[in-house]
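Below, all heavy atoms of this structure are taken into account, side chains as well, without hydrogens, waters or symmetry copies. Keep in mind the model is a prediction, meaning the values are calculated, not measured. Sequence lines set the chain letters: A, B, ... in the order given, protein chains first and strands last, and positions in each chain run from 1.
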Amino acid sequence: MKKERFCDMLRELSVALDILGEDKYKVQAYRRASSSIKASQLKFELDKQPESIRFFEEKLVSLPYVGKKIAAKAIEFINEGVFSEYERVFSKIPISLIELSSVQGLGPKKIRKLWKELGITSFDDLYRCLEDIDCFDRFKKLIGKEAKKIKENVEFLWTSKSEIPAWIVLDLLIGILGDLPFDSPGEGGVLIAGELRRGKETVSQYVPILYTSDTFFDSIIAKIRSNFKYNRLDESGYKIAVFRGGVKRDVVLRFIKYGENDRGWKFIRYTGSENHLLRLQEIASCKDPYFFSSSKFYGLEEKDIYNYFALPFIPPEVRESGEEIDMAADGALPPLVSIDDIVGDFHCHTNASDGWHDIEEVARLAVSKGLKVIAITDHSKSSFMANGLSEDRIIEHIKRIKTADSKIEGIKILAGAEVDILPDGSLDFGDDILSMLDIVVASPHFKLDQTPHDATARIIKAIKNRFTDIIGHPRGRILGKRKGIEIDIREIALCAKIHNVALELNSQWMRLDLDSDALKIVNEVGALVAINSDFHSRKDFLNSFYGVKVARRAMIDKKVCINCWSEDAVAKWLSRKNG
DNA sequence: GCCGTTTTCGGCCCGACTGTTTTCAGTCG
């Protein structure tokens, strides 16, 4: 958790220096160092021996983009909990100003203007200003014609403020618990319930956490107190202010104790959803609000309680509208994909574009995660920012992938690319290059403000390209930041089905794109689905577990999920374009 | 601030878009 905090601080520093008008390469250096340390395996633990400090410093400096100065800041941070450069900069600039950088259309220059000339120092300030006629007038004078668009973006963020992207809470909980127990209780009997257990992509600020052990609970609280500056315990739970993701969010961890006898119903009660619980009560013809705590459920496990209602166990992810209960009663719940079924990952980046590891490192990590087939899919040339590969570079890259494939045992490595879908729907590489690739993930990355009609036509055209195998993150949304394109998902799913193209559920926690509602439509139509990690760095193979939860919400069957297929089945599917 | 050297300082992923300041600054991906 210390490491994550330090990386966040470097990133905050980078944004602050940008607003203050510092050299842009210095700004970039802090940002890169933050990502580099985050992607590393380095642990932020240090005893005070000079030996171990020197060893730690050597490790830090060996990381890309980390030099002596940032290493010194890290050591200062570990010893003091903060570093002087951070304090120096944030004595000049309010920390809450950082929030404004998550508004689309506001860069460092405009943020500086808003701060210096309108006295706006936080996202809430900005929202209030835009709602006020006089203040909005001054805002328009300052910003010019883009003012209206920025106002829309602020309102989008404001309305989505009560919906916290799940990843922000997941990151927080990993920091506190070290693990994410959803299915069965972890250390101290801890089980994360609520919307996160149900795999929702955005959640409310209240996170129910169940536990049995008082000593473990005490250790968690001690950890929160020592590690979070902005926290407070009140009757609703432990409130922690999280700055991650730009806008400040209050997350409230509600700790609920359970024992041997009330475990079953508490798991059900605190997992929800409300509609699911109401439907269960309807079945029992009971209006008593304390229904679930009644003695008839004492000593029963979750599954036993469902049996009491003559139902099979209902997976948490599908407990939503209440209709799932009737489906379960009819035996109509399909077998759902599970994380253990995932043996393939068809969207992985290396340091040839914007990933952090080379081909062999990625493959070895994949082997250690139990994967049997992966696709290396670095960016194509139009993704300049991501160091996308030119035609010459991708040809060389394909050769390197083939070499790695022959060298590394226990996994099939496909030579692929994540090829940009250009605004008109054509792909960023010509047929000569596309035909050399084992697998093509076609994804939209820019010009994401098209009309629904144009955006749908763009994706449809990409599906119809005979070399396309998967449409990557079809909407291009970033949770809590960018809406992405609006597309006619039914039309796209129908087209994908005809052309035997898979639609991706990109499991990057900031994307989760397609979302579960869209996937329900894909499922109805019967098109193929790919649950991919969009691997960039070491921790990213973890992404898929939450992606799988989102897929389970949509009741995706493992038969249509290409990540569950054997190597032979994948090869057969990919060979269709040779016919 | 980092890197890679022609070892001590210059270069650092960059093209498209937008609006307006009509020649470029600001932002995005």
- Task: Quote, to the nearest angstrom, the P distance that separates B:dT23 from B:dC28.
- Result: 26 Å

- Message: Syn if the chi torsion is within 90° of 0, anti otherwise; quick check, which is B:dT7?
- Response: syn

- Query: Between B:dT27, B:dG29, B:dG1, which nucleotide gets closest to the side-chain atoms of A:K69?
  - Reply: B:dG1

Atom pairs under 3.5 Å: protein N/O with N/O of nucleotides 12-18 of chain B:
unit_1: B:dC13; atom_1: OP1; unit_2: A:R32; atom_2: NH2; d: 2.6
unit_1: B:dC13; atom_1: O2; unit_2: A:M385; atom_2: O; d: 3.4

- Message: Taking B:dC9 as the reference, what is the distance to B:dT20 when you measure between their P atoms (whole Å, please)?
- Response: 45 Å

- Task: Whole angstrom is fine here: how far is it from CD1 in A:I485 over to P in B:dG29?
- Result: 13 Å

- Message: Between A:E45 and A:K2, does any NZ, NE, NH1 or NH2 come within less than 4.0 Å of an OD or OE carboxylate oxygen?
- Response: no

- Query: Say you pick atom P in B:dG15 and the same atom in B:dT22; how far apart are they, in whole Å?
  - Reply: 25 Å

- Query: Taking the P atom of each, how far is B:dT6 from B:dG11, in whole Å?
  - Reply: 15 Å

- Roughly, in whole Å, what's the span from NE2 in A:H349 to P in B:dG29? 16 Å

- Separation of B:dG19 atom C1' from A:K140 atom NZ, nearest Å, is 16 Å

- Message: Let's see if you can work this out: which of B:dT20, B:dG29, B:dG1 has an atom nearest to the side-chain heavy atoms of A:F446?
- Response: B:dG29

- Message: Under a 3.5 Å cutoff, is there a donor and acceptor pairing between the side chains of A:N387 and A:S353?
- Response: no

- Task: Specify the separation, in whole Å, of atom CZ of A:R112 and atom P of B:dG26.
- Result: 11 Å

- Query: Is there a donor-acceptor contact under 3.5 Å linking the side chains of A:S533 and A:D540?
  - Reply: no

- Quickly work out the A:I143 CD1 to B:dT27 C1' distance and round it to whole Å. 12 Å

- Task: Report the relative orientation of the aromatic rings in A:F6 and A:F44; use parallel for angles under 30°, tilted for 30 to 60°, perpendicular for over 60°.
- Result: tilted

Name the pairs: protein N/O against N/O of nucleotides 3-5 of chain B, kept only if under 3.5 Å.
unit_1: B:dC3; atom_1: OP1; unit_2: A:Y65; atom_2: N; d: 2.7

- Query: Is a side-chain donor-acceptor pair under 3.5 Å present for A:S390 with A:D392?
  - Reply: no

- With A:C7, which residues qualify under disulfide bond (SG atoms under 2.5 Å apart), at least two apart? none

- Task: Specify the separation, in whole Å, of atom OH of A:Y86 and atom C1' of B:dG1.
- Result: 18 Å

- Message: Taking any heavy-atom pair under 4.0 Å as a contact, classify A:R482: base, sugar-phosphate, or nothing.
- Response: sugar-phosphate

- Query: Within the structure shown, what part of the strands sits under 4.0 Å from A:L448 by heavy-atom distance: base, sugar-phosphate, or nothing?
  - Reply: nothing

- Query: With both distances under 3.5 angstrom, what nucleotide forms a Watson-Crick or G-U wobble pair with B:dT8?
  - Reply: none

- Whole-Å distance, A:L60 CG to B:dC2 C1', equals 14 Å

- Message: Whether the A:D47 and A:S52 side chains hold a donor-acceptor pair (N or O, under 3.5 Å, no angle test) is what I'd like checked.
- Response: yes

- Message: In this structure, how many angstroms lie between the P atom of B:dG29 and the CD atom of A:Q508, rounded?
- Response: 16 Å

- Query: Going by atom types only, do A:E418 and A:S380 share a side-chain donor-acceptor pair under 3.5 Å?
  - Reply: no

- Of the candidates B:dG19, B:dG1, B:dG29, the side chain of A:Y30 sits closest to B:dG1

- Message: Using the side-chain heavy atoms of A:P108, tell me which of these nucleotides is nearest: B:dC28, B:dT27, B:dG1.
- Response: B:dT27

- Please check if any side-chain donor atom of A:S35 sits under 3.5 Å from a side-chain acceptor atom of A:R11, or the reverse. yes

- Message: Quick check on DNA chain B: between A:I111 and A:E85, whose nearest nucleotide comes earlier from the 5' end?
- Response: A:E85

- How many angstroms lie between CG in A:D449 and NZ in A:K483, if you round to the nearest 0.5 Å? 11.0 Å

- Charged N to carboxylate O below 4.0 Å: is that the case for A:E152 and A:K149? no

- Item | Given DNA chain B, 5'-ward residue of the pair A:A29 and A:S382, judged by closest heavy atom | A:A29

- Item | B:dC14 to B:dT7 separation - P atoms, rounded to the nearest Å | 24 Å

